[in-house]
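Encoded as structure tokens, the structure appears first; notes follow it.
Order of the sequence lines fixes the chain letters, A, B, ..., with proteins taken first and strands second; residue numbering starts at 1 for each chain.
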There are 2 protein chains.
Amino acid sequence: MNARPTMQDVARLAGVSIKTVSRVVNNEPRVDPDTRARVQATIDELGFRRNEQARSLRPGQSSSLIGLVSGDLGNPFYSAIARGIEEITYEHGHLLLTASSEEQPERERQLIETYLQHNVAGLIVAPTLDAARTITPELLRGVPLVSVDRPVSDPDPFDTVLLDNRAGARRAVTQLIHDGHTRIAIIDGNPRVYTGQERTAGYLDALREAGITPQPNLMIHGHHGARHAEQATHALLSQEQRPSAIFATNNRIATGVIRALHARRRTLAVASFDDFEFADVINLPLTLVSYDAMDLGRAAAARLMQRIQGDASAPQRLTQPVTLRVPGDSS
Amino acid sequence: MNARPTMQDVARLAGVSIKTVSRVVNNEPRVDPDTRARVQATIDELGFRRNEQARSLRPGQSSSLIGLVSGDLGNPFYSAIARGIEEITYEHGHLLLTASSEEQPERERQLIETYLQHNVAGLIVAPTLDAARTITPELLRGVPLVSVDRPVSDPDPFDTVLLDNRAGARRAVTQLIHDGHTRIAIIDGNPRVYTGQERTAGYLDALREAGITPQPNLMIHGHHGARHAEQATHALLSQEQRPSAIFATNNRIATGVIRALHARRRTLAVASFDDFEFADVINLPLTLVSYDAMDLGRAAAARLMQRIQGDASAPQRLTQPVTLRVPGDSS
DNA sequence: GTGAAAGCGCTAACAT
DNA sequence: ATGTTAGCGCTTTCAC
């Protein structure tokens, strides 16, 4: 457990000044090759590693930390985003701090503050519902922030990377209509959630374009989570005017719908925002809005890297494309 | 973008010395209540936040950073572990750095070094295959490390948190035997991977206990990933002596097996290490070794917290329990 | 109860 | 090509 060696230690042992060691460590040019070799040998011998905290303490020297606040790292959607972010930040020599807000605005604010105390060079946040109230430019003091999956507010003072929620939903529902469906139900989660709102708008777009009048009793909201969606599906199928297809606005809802149909041994067309493994193995006609969640993360991280490198242009809203996938249909 | 205020700024504005500000920030006792209130007011007014890098620069003052190196954060197994770790470290006021080794020992070593440069208080690693060569006590210089899912080496100089791989596999295969199966195939990934080895050993345990002689042509190895497992399943079903049940040593392999069976419209009993969503909706007799991956992370983080708090006892090997689950069987 | 001064490990500015 | 010095923001003696 010998203490960690410092530049001073290396300098003493190599018989040079600390600044020369610094030059070698930072690959600065004006060092005699012999000196450089000698210093390097001492560094290797001692196993010296530069203390990053001390380095980034100097003003101007920004830290190489990036902070990520996601909704829930345990959710594959968020962890794929995190993976994409990690890929880009790693390439740029940054380290990634991760934490989950658990959709609690207070925890989100608290995490951002803690990150700022650690001098992060930038932040990526999947904002909670009430982020607009807590995440403000004053809180950030110039540290760049990119939001992902949802905007912080509208209009948005920050860069944002979103999915094309509305168009994706419209295309999925239009597909169902093409397949002959007219009684298409929608099951959505918390109506305050941005993505659900957009996807619901896309559903209505598709109906309107086809001249179909939306039926209130086919539009179920507030049923987030697989369990609620399962109950909602049972309710839908028990009512008078039954749907012939169901659009689930996300994969947890789709899971509930599929469970309920399985329990009732009923075959209904199911469309879902979010693709999932096993879609190919399920004996139901599926229409999936598919996309690469890692790409969302990559795009957000790439934008943040630009900001860190000094880009001061107006906040951007980037929309990532989605595609329609019909399992078993190899066209 | 006014610069971030320092203790010095607070001190000047409050008309006290920097040390008094420090006392207030750190909740030290010997401060006059009035002074404390005045300083606190100034802190709030300026939005002062202590610079954590500067604080932990002082020797003794450990940083509140924990470093996690997982195989692939995009894999739900690892992200669940990460979530469990995050939960515990958050409770203890630590922040979590995350990165993926992508199963490359060199990248793993590199990440650990980078973490150490950032003065992490401790490390949690899901070791790669060749971790024993790179992760050594010399590299770590006294920074505690806990490995998770796989041991670094055997015997292990570090704490390790593992699943009960062998017993879980044995129980799953024993269940298949109880159900009347005697020709039980196993599909495993890379034979050098610890978990696969243990699970294969459990498979053999179960056969031996039942007096069944292992059939080499029913034991497929080296087929990691869903795609390979799919091919392996097709090969198994094309041969003379066909199995009536298949044990998949992890969920990606199980996915491949299920895909192949679905393509052939064949019903076979399938056992799998790892539970998965949709298990309830698949029309195959399944036997699943189930466990809580978050608990793995929680246990690893809890052990690390003990080490950070000074526990210097001998390295422990903790084994987390697994349970058998038969979907549809509500007993 | 409060403050002055030293120093953590490093880099930037300015010598030599 | 190399060294000296100051100082980043904070905590820690040790005075007062």
Side-chain angles (χ1 to χ4, degrees), chain A residues 2-40 42-43 46-65 114 116-121 141 143, chain B residues 2-40 42-43 46-65 114 116-121 141 143:
Chain A
N2 33 15
R4 179 174 170 175
T6 69
M7 277 196 178
Q8 200 54 262
D9 298 331
V10 176
R12 257 194 299 271
L13 212 77
V16 297
S17 84
I18 182 177
K19 178 65 214 186
T20 300
V21 179
S22 174
R23 287 199 175 92
V24 172
V25 169
N26 294 297
N27 266 310
E28 284 175 39
R30 301 167 160 270
V31 180
D32 182 278
D34 286 0
T35 316
R36 185 181 295 272
R38 190 154 39 87
V39 170
Q40 188 59 55
T42 312
I43 286 173
L46 258 49
F48 165 80
R49 287 186 296 261
R50 175 176 63 186
N51 184 328
E52 280 299 314
Q53 313 219 96
R55 187 193 59 78
S56 58
L57 189 56
R58 301 303 311 280
Q61 308 275 358
S62 85
S63 99
S64 53
L65 262 32
T114 307
L116 291 172
Q117 291 192 191
H118 283 265
N119 270 347
V120 292
R141 288 185 188 281
V143 173
Chain B
N2 32 14
R4 181 174 169 174
T6 69
M7 277 195 179
Q8 199 54 260
D9 298 331
V10 177
R12 258 194 298 271
L13 213 76
V16 297
S17 85
I18 180 177
K19 177 63 212 184
T20 300
V21 179
S22 173
R23 287 199 176 93
V24 172
V25 169
N26 294 297
N27 266 309
E28 284 175 38
R30 302 171 159 268
V31 180
D32 182 279
D34 285 1
T35 316
R36 184 182 296 274
R38 189 154 40 88
V39 170
Q40 188 57 56
T42 312
I43 287 174
L46 258 48
F48 165 80
R49 285 185 297 261
R50 176 176 62 186
N51 183 329
E52 280 300 313
Q53 313 219 97
R55 188 193 59 79
S56 58
L57 189 56
R58 300 305 309 275
Q61 307 276 359
S62 87
S63 97
S64 53
L65 262 32
T114 307
L116 291 173
Q117 291 191 195
H118 283 265
N119 270 347
V120 292
R141 287 185 188 279
V143 174

Practice problem: Using only heavy-atom distances, determine whether the side chains of S63(A) and Q53(B) contain a donor-acceptor pair under 3.5 Å. | Solution: no

Quiz item: End-to-end bend of the helix from dG1(C)-dC16(D) to dT16(C)-dA1(D) (five-pair axes, 10° rounding)?
Solution: 40°

Hey, are the side chains of [X] and [Y] touching, using non-hydrogen atoms and a 4.5 Å cut-off?
X       : Y       : value
S56(B)  : H118(A) : no
I43(B)  : R50(B)  : no
N119(B) : N51(A)  : yes
R38(B)  : V16(B)  : yes
R23(A)  : V39(A)  : no

How many whole angstroms separate atom [atom1] of [X] from atom [atom2] of [N]?
X       : N       : atom1 : atom2 : result
Q117(B) : dC10(C) : CD    : C1'   : 13 Å
D32(B)  : dG3(C)  : CG    : C1'   : 15 Å
R30(A)  : dC14(C) : CZ    : P     : 16 Å

Quiz item: With sequence neighbours excluded, what pairs up with R12(A) under the side chain to side chain donor-acceptor pair (under 3.5 Å) test?
Solution: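 Here the qualifying residues are D9(A).
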
Self-check item: Residue pair V143(B) / V120(B): nearest heavy atoms and the distance that separates them
Solution: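 Scanning both residues completely, I find the closest heavy atoms to be CG1-O, 3.9 Å.
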
Self-check item: dT2(D) phosphate, OP1 or OP2, under 4.0 Å from S17(A) side-chain N/O
Solution: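 Indeed not, no polar side-chain atom of S17(A) lies that close.
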
Quiz item: Does OP1 or OP2 of dT2(D) have a side-chain N or O of T35(A) closer than 4.0 Å?
Solution: yes

Quiz item: Heavy atoms under 4.0 Å, any strand shown: does S56(B) hit a base, just sugar-phosphate, or nothing?
Solution: nothing

Self-check item: Contact state string [nucleotides 5-16 of chain D, B base, S sugar-phosphate only, - no protein heavy atom under 4.0 Å]
Solution: --BBBBBB----

